[in-house]
Amino acid sequence: MSTRSPLVRRALARLLRSALLLCSLCVPLAIGSGQSGSAVRYSDGGPEPMLEQVFRQIEHKRLDLALEQVDALLHLWPNFRLAHLIRGDLLLARASALTTIGNAPNAPADRLADLRDEAIVRIRAYRDKPPADRVPRHLLQLPADQRHAVVVDTRRSRLYLYENIDGRPRFVADWYVSHGRLGIEKMREGDKKTPVGVYQVTGFLPPERLTDFYGAGALPINYPNAWDRKQGRNGHGIWLHGTPSDTFSRPPRASDGCVVLANPDFEALNQYLRGEPVTVVISDQVEWLTLDDWQAERKEFGQALEQWRLDWESRDTERLLSHYSRRFSADGKDYEAFARNKREVNAAKKWIKVDVRKVSTLRNPGRDELVVVTFEQDYRSDNVNSVMRKQQYWQKEDGRWRIVYEGAA
């Protein structure tokens with residue numbers, strides 16, 4: 001039994017409250033899935049389960065057990081600076097009162113603030129998991145040939161990996177991440193912000209091709225995409241990547257715009273992605289839908305896309321143009337120029353057949369209701385046949401989905 005004074009115990013209670021921003025005590029969690037008698041919960045990657053146990057022991061004033069668990073955590077991840085900080089606090093608690101995480105004298109205030117922020121987001125994400133029976137609203141439809149998708153929630157500092165099961169996203173794993181030190185919604189080169197949008201992995205850069213700064217490797221993404229360029233955004237070199245060999249993890253906001261994972265987490269992620277053209281959605285805050293709501297939204301947009309296809313086949317140009325916003329622009333053409341071209345082309349056709357295959361439908365994060373749809377288009381007519389990958393951005397206007405951009409994918 002602990003013989004520490006009430007003063008020290010009260011100080012430790014203040015330490016925990018500061019670290020967790022007055023989070024309430026959590027109920028026991030079922031780690032993994034399928035545990036009899038327990039709600040199915042997300043699986044866990046990284047040190048969060050052990051950190052949770054450390055804080056539980058502190059909550060129950062079992063400081064020696066907390067110290068043992070921190071030591072076990074450091075045995076697995078020797079470069080985990082947050083764990084070193086907590087260990088130092090627990091040792092100091094034997095002699096003096098603590099008022100917050102990081103009670104070390106003369107320690108840089110900004111470094112301590114970064115580690116406190118990391119503690120908060122790690123434990124908050126662990127204790128406040130998205131319901132296992134819900135899916136990210138962004139992933140409306142994944143094509144059959146894409147096995148996985150990634151969703152990054154910058155507010156939670158969390159990356160979620162999903163598997164495509166017959167078009168429905170199924171949770172695989174989640175990991176702590178860092179993002180831009182000046183926040184999100186990247187606009188220009190060098191602004192140290194992480195972009196928000198729908199992107200795609202463009203390959204894998206192994207560590208031997210990179211400096212130690214990128215750790216276990218990098219997965220570049222295609223920022224800026226077509227919508228970014230349309231909005232005047234620029235910059236380059238936005239990657240998912242690891243950490244330097246002497247660093248386990250970085251603070252929640254620490255990168256120049258990239259999404260950064262601990263090296264073991266990056267390696268685990270890349271076991272699934274392997275540099276393939278996987279969807280990466282980066283959002284300020286992920287919205288989670290029940291399966292019924294998700295299926296309803298997917299059906300609604302699917303009907304709009306199908307009606308666009310049928311109206312194109314009808315050769316009724318005005319019906320086709322009703323699917324396009326007056327703010328539409330693509331390939332240097334505004335709506336009026338696009339409409340004139342469509343009227344001229346369709347007037348010369350005797351028949352048109354359009355097939356749409358391998359459809360990907362993704363909600364673009366942000367304030368505007370925007371969906372990016374990518375598909376293989378097989379266009380046939382009495383005088384022209386073509387097959388291409390097409391990408392469209394649809395936006396809700398007065399309750400109806402309309403196309404604001406389209407071009408080759």
Side-chain angles (χ1 to χ4, degrees), residues 15-16 19-20 26 29 31-32 42-58 62-93 101-104 107-108 111-127 129 152 156-161 172-179 206-207 210-219 240-255 258-273:
L15 160 68
L16 182 69
L20 301 182
C26 62
L29 300 179
I31 307 304
Y42 278 35
S43 63
D44 297 285
E48 281 78 8
M50 297 180 74
L51 276 176
E52 167 68 15
Q53 289 304 311
V54 169
F55 285 117
R56 278 183 179 277
Q57 301 301 348
I58 296 174
R62 296 190 285 259
L63 305 188
D64 291 335
L65 286 176
L67 186 59
E68 288 177 10
Q69 288 168 348
V70 170
D71 286 340
L73 196 158
L74 285 169
H75 179 74
L76 293 174
W77 297 289
N79 294 331
F80 190 15
R81 293 171 183 168
L82 174 59
H84 280 287
L85 183 70
I86 296 170
R87 187 178 192 277
D89 285 340
L90 290 170
L91 292 174
L92 284 171
I101 284 183
N103 205 45
R111 297 277 184 89
L112 293 178
D114 285 343
L115 291 170
R116 291 184 192 114
D117 289 346
E118 182 177 346
I120 290 167
V121 297
R122 281 185 181 275
I123 296 301
R124 179 179 288 161
Y126 184 85
R127 292 185 171 189
K129 299 171 184 289
V152 177
R156 287 175 173 261
S157 294
R158 211 74 188 167
L159 181 151
Y160 300 92
L161 175 66
V172 176
D174 63 311
W175 296 281
Y176 167 83
V177 296
S178 303
H179 65 280
L210 301 167
T211 66
D212 182 63
F213 179 80
Y214 298 100
L219 294 160
L240 314 182
H241 66 77
T243 55
S245 56
D246 65 349
T247 302
F248 176 70
S249 60
R250 295 169 67 180
R253 288 190 177 190
S255 80
C258 293
V259 175
V260 183
L261 298 88
N263 286 327
D265 298 343
F266 179 86
E267 290 168 344
L269 174 66
N270 199 38
Q271 285 294 311
Y272 295 95
L273 272 55

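These numbers come from the heavy atoms of this one structure, side chains and all, not from hydrogens, waters or symmetry mates.
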Run the side chain to side chain contact (heavy atoms under 4.5 Å, CB included) test against Ala268 and tell me which residues pass, sequence neighbours left out. Trp175
Run the side-chain donor-acceptor check on residues 68-77: report pairs under 3.5 Å with partners two or more places apart or on a different chain.
from  : atom 1 : to    : atom 2 : distance (Å)
Asp71 : OD1    : Arg87 : NE     : 2.5

How far does [atom1] of [X] sit from [atom2] of [Y], to the nearest 0.5 angstrom?
| X | Y | atom1 | atom2 | result |
| --- | --- | --- | --- | --- |
| Leu115 | Leu82 | CG | CG | 6.0 Å |
| Ile123 | Leu51 | CD1 | CG | 5.0 Å |
| Thr243 | Tyr214 | OG1 | OH | 13.0 Å |
| Glu267 | Leu269 | CD | CG | 11.0 Å |

Quiz: residues 244-253 side-chain donor-acceptor pairs under 3.5 angstrom, not counting sequence neighbours:
from   : atom 1 : to     : atom 2 : distance (Å)
Ser245 : OG     : Asp212 : OD1    : 3.2
Ser245 : OG     : Asp212 : OD2    : 3.2
Thr247 : OG1    : Arg81  : NH2    : 3.3
Ser249 : OG     : Glu118 : OE2    : 2.7
Ser249 : OG     : Arg122 : NH2    : 3.4
Arg250 : NH2    : Ala254 : O      : 2.7

Minimum heavy-atom distance between [X] and [Y], given as atom pair plus value:
| X | Y | value |
| --- | --- | --- |
| Ala125 | Arg158 | CB-CD, 3.8 Å |
| Leu261 | Phe266 | CB-N, 4.0 Å |
| Ala66 | Ile58 | CB-CG1, 4.0 Å |

With Arg111, which residues qualify under side-chain hydrogen bond (donor to acceptor under 3.5 Å, both in side chains), at least two apart? none
Which is it for Leu161 and Leu273 under the side-chain contact (heavy atoms from CB on, under 4.5 Å) test, yes or no, and what are the steps along the way? CA-CA 10 Å; Leu161 175 66; Leu273 272 55; 3.7 Å; yes
Side chain to side chain contact (heavy atoms under 4.5 Å, CB included) partner of Leu90, chosen from Asp64, Leu85, Leu67: Leu67
Any donor-acceptor pair under 3.5 Å linking the side chain of Asn263 with the backbone of Ala216? yes
Main-chain N/O of His179 paired to Ser255 side chain as donor or acceptor, under 3.5 Å: yes
Verdict with reasoning, His241 to Val260, per side-chain contact (heavy atoms from CB on, under 4.5 Å): CA-CA 5 Å; His241 66 77; Val260 183; 3.5 Å; yes
Kindly determine whether Arg156 and Arg124 satisfy side-chain contact (heavy atoms from CB on, under 4.5 Å), including the steps that lead there. CA-CA 8 Å; Arg156 287 175 173 261; Arg124 179 179 288 161; 6.0 Å; no
So, are Lys129 and Glu48 salt-bridged, with charged N and O less than 4.0 Å apart? no
